[in-house]
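Working notes, beginning with the structure itself.
First listed ligand is number 1; within each ligand, the first listed atom is number 1.
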Amino acid sequence: MPDAPLNGGTTRVALIGFGTVGRAVAKILCESTDKSLRLTHICNRNVEKKKQPWVPANVIWTDDVQSVLGSHVDIVIELIGGLNPAEQIVRSALQAGKSVVTANKQLIARHGTDLLQLAAKQGCHLEFGASVAGGVPVLPAFRTGLCGDRLHGIAGILNGTCNYILSRIENARIPFSEALEEAQARGYAEADASEDLDGGDARAKLAILALAGLHARVAPESVRARSIRTVDAVDFDYAAELGCTLRQISRADLKGDTLFADVGPCLVPTDSPFGRVQRNLNLVVTSGQYGGDMAFLGAGAGGDPTAVAVVSDLKFVAEAIGAGAGKREVPSNVSAPAISSDFETPWYLRFFVRDRPGIVARLAQIIAAHHLNIDSLLQKPGFDKSSLPFVITLEPCRDAMLHPALEEMAILDFSIRPVLSLPILRQS
Ligand SMILES: NC(=O)c1ccc[n+]([C@@H]2O[C@H](COP(=O)([O-])OP(=O)(O)OC[C@H]3O[C@@H](n4cnc5c(N)ncnc54)[C@H](OP(=O)(O)O)[C@@H]3O)[C@@H](O)[C@H]2O)c1
């Protein structure tokens, strides 16, 4: 049976998904002295195992989503994650006239525009501030402090797992495999960390940032993702010679009808904001036509920081409902730009070779034949000649110009590992 509506000024809230974030959200709501938000339902499969003594007795525990959607709740918080059944739950909630708050990046990256349209049609709100960078309030900033600007670029460290691994290799010069094992032991990486390491997680977040900040509709799969698995401890030694370190950077630059976008390891100056981000923190830098660059730094994951972002969205929606404020509209200027990874940057090329005379001459020949210019050549002493790492840096050129040269280099018989090519980002 649907429960009765509450009188005056109280917004009913249902929580679907009582895991890491859901539990932290419930804790904040139960401990709050603000009585304008009332948690009425907690919904989870096998709900009996989830019950907590600190939750007030008048909260209904259930595993029946339909009973929640059929009740008088005003706002549904979706925190089960994934696409199925989260997508159906969010659609059903909006169709039932409930506003929705979610932290689900996969859902918003793939269906954000459709769901915002559905919310607008239903006169409801849909907020997803925790779906990118956890507790870092960059998405809410798009609708408040930055909405007066015209943003054209967003760059970020959006994956805490990758940043933990890269900053551990940087600080301890341990192999990639050891840094990954350490991240897994500390709970910063899953047993199968492919989504993090290979860039799938970060590009979903970049797609959401592009939609909310640049009003550009981007399918996550259309953004090139490069893995951090190919990074070696020696790359930090060579990067240091260039005044740089390595970070997984997600970039989106809107130029005319094209969105230049890429996710993957890059060289960044050691003393830059990106170079200074350690452990599993996130950093997002936005670039606006009028306001220039703005930076947002903080905890990109974790139950409590993410819950703060969820509850902040909840308060925003509750106030908007209370004030009878207009629903969140899909920006009318959302574009569907062409997606390109053809950035123009300087490049870092790292080779592992079986040493013999003529290697540098052969590489220089290929580079010259493709009209590329060498900026520097770095070779540290002391390595075994059977597995010798050295680096060539190139002056700025487009990715598309470099690519054919890399294809020629890939088949050289003195190479004992694939050539690692990384953009050098000088500005951040
Ligand atoms: N954790 C973070 O640091 C973080 C940061 C930013 C965003 N997020 C996002 O926040 C959301 C929640 O993440 P989380 O870390 O809290 O996940 P989680 O710990 O796995 O919690 C998910 C909860 O949903 C329940 N659930 C899953 N499928 C269900 C279904 N079909 N019906 C009912 N209940 C179901 C799970 O129950 P069982 O216990 O039975 O599996 C679990 O209690 C995700 O979208 C995630 O991407 C998380």
Exercise. Do any N/O atoms on Arg45 end up under 3.5 angstrom from N/O atoms on ligand 1?
Worked result: yes
Exercise. Nearest protein heavy atom to atom 15 (O) of ligand 1, by residue and atom, and its distance?
Worked result: Thr20 CB, 3.7 Å
Problem set entry | Check: Asn163 side chain, Arg279 main-chain N or O, donor-acceptor pair, under 3.5 Å | yes
Problem set entry | Axial cation check for Tyr164 ring with Arg186, 6.0 Å and 45° limits | no
Problem set entry | Pi-cation contact, Phe260 with Lys255 (under 6.0 Å, within 45°) | yes
Exercise. Is the NZ or CZ atom of Arg247 both under 6.0 Å from the centre of the six-membered ring of Phe274 and within 45° of that ring's axis?
Worked result: no
Exercise. Out of Asp304, Thr62, Asn44, Asn84, who gets a non-hydrogen atom closest to atom 42 (C) of ligand 1?
Worked result: Asn44
For this session: May I ask you to decide whether Asp313 forms a salt bridge with Arg143, counting only side-chain N to carboxylate O separations under 4.0 Å?
Result: yes
Exercise. Who's the nearest protein heavy-atom neighbour of atom 35 (C) of ligand 1, and how far?
Worked result: Ile80 CG2, 3.6 Å
Problem set entry | Numbered atoms and elements of ligand 1 in range of Pro85, under 4.0 angstrom, heavy atoms | 31 (N)
For this session: Would you mind telling me if ligand 1 is within reach of the side chain of Ala130, the backbone, both or neither, using heavy atoms under 4.0 Å?
Result: backbone
Problem set entry | Any protein heavy atom < 4.0 Å from atom 17 (O) of ligand 1 | no
Problem set entry | Axial cation check for Trp54 ring with Lys27, 6.0 Å and 45° limits | yes
Exercise. Atom 22 (C) of ligand 1: which of Ile77, Leu15, Leu79, Asn280 has the nearest heavy atom?
Worked result: Leu79
Problem set entry | Contact atoms of ligand 1, heavy-atom distance to Ala301 under 4.0 Å | 3 (O)
Problem set entry | Sub-3.5 Å N/O-N/O distance, Gly302 and ligand 1 | yes
For this session: Run the numbers for me: atoms of ligand 1, each under 4.0 Å from some heavy atom of Asn104, listed by number.
Result: 45 (O)
Exercise. Hey, does Val21 come in under 3.5 Å of ligand 1, counting only N/O atoms on both sides?
Worked result: yes
Exercise. Which ligand 1 atoms, with their elements, are less than 4.0 angstrom from a heavy-atom of Gly81?
Worked result: 44 (C), 45 (O)
Exercise. Under 4.0 angstrom from atom 10 (O) of ligand 1, is there any protein heavy atom?
Worked result: yes
Exercise. Should Glu241 and Lys380 count as an ion pair when the cut-off is N to O under 4.0 Å?
Worked result: yes
Exercise. Do you know the tightest heavy-atom contact between Glu408 and His370?
Worked result: OE2-NE2, 2.8 Å
Exercise. Counting only heavy atoms, which portion of Thr306 has something under 4.0 Å from ligand 1: side chain, backbone, both, or neither?
Worked result: side chain
Problem set entry | From CA spacing to verdict: side-chain contact (heavy atoms from CB on, under 4.5 Å), Val100, Ile75 | CA-CA 6 Å; Val100 172; Ile75 305 176; over 6 Å; no
Problem set entry | Contact check, Lys49 vs ligand 1, heavy-atom distance below 4.0 Å | no
Seminar exercise, completed: Counting heavy atoms under 4.0 Å, the part of Lys50 that contacts ligand 1 is side chain
Problem set entry | Closest candidate by heavy atom, reference atom 7 (C) of ligand 1, pool Gly135, Gly19, Ala103 | Ala103
For this session: Would you sort out whether Ile249 and Val268 count as a side-chain contact (heavy atoms from CB on, under 4.5 Å), showing the intermediate values?
Result: CA-CA 9 Å; Ile249 304 291; Val268 295; 4.1 Å; yes
Exercise. Could you go step by step and tell me if Leu297 and Val136 meet the side-chain contact (heavy atoms from CB on, under 4.5 Å) rule?
Worked result: CA-CA 6 Å; Leu297 172 72; Val136 184; over 6 Å; no
